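Input: a single structure, listed below in structure tokens.
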Amino acid sequence: MSATGRTTGVRQGVDETLREHVVALLDAYDDGVLPIVQAGQPVLRTPAVPYAGQLGDVLPRFLEAMRATMHAAPGVGLAAPQVGIGLAVAVVEDPGAPDADDERERPPLAFRVLVNPRYEAVGDETRTFFEGCLSVHGWQAERTRARSVRLTGQDETGEPFDDVLTGWAARIVQHETDHLRGELYVDGADLRTLSSTLGVARLPGASREAG
């Protein structure tokens with residue numbers, strides 16, 4: 001067998017093992033709500049592997065479980081490493097707060113899947129708000145992020161996207177894409193503002209945690 005053949009065989013074996021692991025995880029939680037990994041677990045600090053079809057026909061079921069988990073938390077985004085799967089896949093959805101009298105610019109964000117996403121800032125404007133994370137449960141801190149970003153990647157069907165997002169939607173996709181790089185929001189937060197989620201909830205304009 002050629003060297004190329006050996007490499008292909010190893011890759012197929014790894015993919016099948018990963019697929020079996022995801023199936024076992026989904027079977028263990030019949031309601032589709034998966035446990036969320038908390039800070040301190042290596043999967044959250046390891047850059048996710050680019051998604052290249054490793055889950056095959058299990059992907060739709062996995063995405064539905066991620067969506068159910070995000071809703072149950074509740075949150076507005078969730079990355080695969082947050083449920084222990086180190087693949088570059090995330091889901092986002094936000095009911096929004098279009099009538100809120102603040103600067104968050106938070107219209108509703110329809111459910112969407114981000115596969116192998118990347119972002120870059122558009123312009124120099126930034127915004128600073130309290131931000132939370134389902135994997136750093138119970139705490140929030142102020143984080144300065146780009147007001148607008150260009151987001152590229154693919155959806156769950158492999159269709160590429162290239163979008164410019166502004167306001168809270170831009171913050172959400174930055175947060176989730178950072179997860180896929182092995183980063184947490186606290187890495188760039190002002191830790192002097194670190195507060196309990198309960199305390200932040202009493203502040204004007206408090207919002208749900210991101211993913």
Side-chain angles (χ1 to χ4, degrees), residues 7-95 109-119 131-140 151 153-159 161 172-187 197 208-211:
T7 301
T8 301
V10 169
R11 171 61 185 273
Q12 289 175 342
V14 170
D15 290 353
E16 185 59 29
T17 299
L18 176 60
R19 182 181 180 280
E20 291 174 355
H21 173 64
V22 171
V23 169
L25 177 65
L26 296 172
D27 287 346
Y29 296 91
D30 293 337
D31 61 357
V33 178
L34 308 176
I36 295 176
V37 173
Q38 294 298 305
Q41 294 299 311
V43 68
L44 294 175
R45 289 305 195 176
T46 304
V49 174
Y51 186 75
Q54 292 95 325
L55 300 186
D57 60 0
V58 178
L59 179 62
R61 186 182 171 198
F62 180 57
L63 294 175
E64 280 303 312
M66 287 185 64
R67 187 179 189 182
T69 303
M70 174 179 65
H71 287 170
V76 294
L78 189 70
Q82 293 183 272
V83 292
I85 305 301
L87 290 174
V89 176
V91 297
V92 297
E93 184 176 15
D94 183 17
L109 175 64
F111 176 76
R112 65 185 296 183
V113 176
L114 311 180
V115 176
N116 304 324
R118 300 178 65 86
Y119 70 81
E131 191 169 320
C133 179
L134 300 176
S135 290
V136 189
H137 183 68
W139 298 95
Q140 295 190 33
L151 179 71
Q154 301 86 44
D155 66 15
E156 63 270 36
T157 70
E159 187 70 22
F161 57 72
I172 292 170
V173 300
Q174 288 174 82
H175 182 114
E176 301 310 328
T177 302
D178 286 353
H179 269 303
L180 303 178
R181 297 172 176 172
E183 301 172 9
L184 295 174
Y185 86 96
V186 291
D187 296 343
T197 298
R208 284 189 188 183
E209 291 180 312

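Computed over heavy atoms, backbone and side chain alike; hydrogens, waters and symmetry mates excluded. Note that the structure is a prediction, hence the values are computed from the model and not measured.
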What residues form a side-chain hydrogen bond (donor to acceptor under 3.5 Å, both in side chains) with Asn116, not counting sequence neighbours?
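Asn116: side-chain hydrogen bond (donor to acceptor under 3.5 Å, both in side chains) contacts with Gln154.
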side-chain hydrogen bond (donor to acceptor under 3.5 Å, both in side chains) filter on Thr69, not counting sequence neighbours, yields none
Answer yes or no: is there a donor N or O on one side and an acceptor on the other, between the side chain of [X] and the main chain of [Y], under 3.5 Å?
| X | Y | result |
| --- | --- | --- |
| Gln38 | Leu134 | yes |
| Glu183 | Arg181 | no |
| Ser135 | Ala39 | no |

Mind listing the closest non-hydrogen atom pair of [X] and [Y] along with its distance?
| X | Y | result |
| --- | --- | --- |
| Val76 | Met70 | C-SD, 3.6 Å |
| Gln140 | Thr197 | NE2-CG2, 3.5 Å |
| Val22 | Phe62 | CG1-CD1, 3.9 Å |
| Leu87 | Gln54 | CD2-NE2, 3.7 Å |
| Ala90 | Glu176 | CB-CB, 4.1 Å |
| Leu151 | Pro117 | CD1-CB, 4.0 Å |

Would you mind listing every salt bridge (Lys or Arg N to Asp or Glu O under 4.0 Å) that reaches into residues 67-87, with sequence neighbours excluded?
Arg67-Glu93
How would you list all residue pairs meeting salt bridge (Lys or Arg N to Asp or Glu O under 4.0 Å) that involve residues 34-58, not counting sequence neighbours?
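Only Arg19-Asp57, Arg45-Asp187 qualify under salt bridge (Lys or Arg N to Asp or Glu O under 4.0 Å).
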Side-chain donor/acceptor pairs under 3.5 Å, residues 26-34, sequence neighbours excluded:
{"from": "Asp27", "atom 1": "OD1", "to": "Arg61", "atom 2": "NH1", "distance (Å)": "3.2"}
{"from": "Asp27", "atom 1": "OD1", "to": "Arg61", "atom 2": "NH2", "distance (Å)": "2.7"}
{"from": "Asp31", "atom 1": "OD1", "to": "Val33", "atom 2": "N", "distance (Å)": "3.0"}

Under a 4.5 Å cut-off applied to non-hydrogen side-chain atoms, are Val115 and Val113 in contact?
yes
With sequence neighbours excluded, what pairs up with Gln41 under the side chain to side chain contact (heavy atoms under 4.5 Å, CB included) test?
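Applying side chain to side chain contact (heavy atoms under 4.5 Å, CB included) to Gln41 gives Val37, Val43.
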Pair Val91-Leu63, side chain to side chain contact (heavy atoms under 4.5 Å, CB included): steps then yes or no
CA-CA 8 Å; Val91 297; Leu63 294 175; 4.2 Å; yes
Rounded to the nearest 0.5 Å, what separates atom [atom1] in [X] from atom [atom2] in [Y]?
| X | Y | atom1 | atom2 | value |
| --- | --- | --- | --- | --- |
| Leu59 | Glu64 | CG | CD | 10.5 Å |
| Glu156 | Leu55 | CD | CG | 13.0 Å |
| Leu109 | Ile172 | CG | CD1 | 5.5 Å |
| Cys133 | Leu44 | SG | CG | 7.5 Å |
| Tyr185 | His175 | OH | NE2 | 8.0 Å |
| Leu180 | Leu114 | CG | CG | 8.0 Å |

Assess the residue pair His21 and Ile85 against the criterion (side chain to side chain contact (heavy atoms under 4.5 Å, CB included)); give the C-alpha distance rounded to whole Å, side-chain angles, the decisive distance to 0.1 Å, and a yes or no.
CA-CA 9 Å; His21 173 64; Ile85 305 301; 3.4 Å; yes
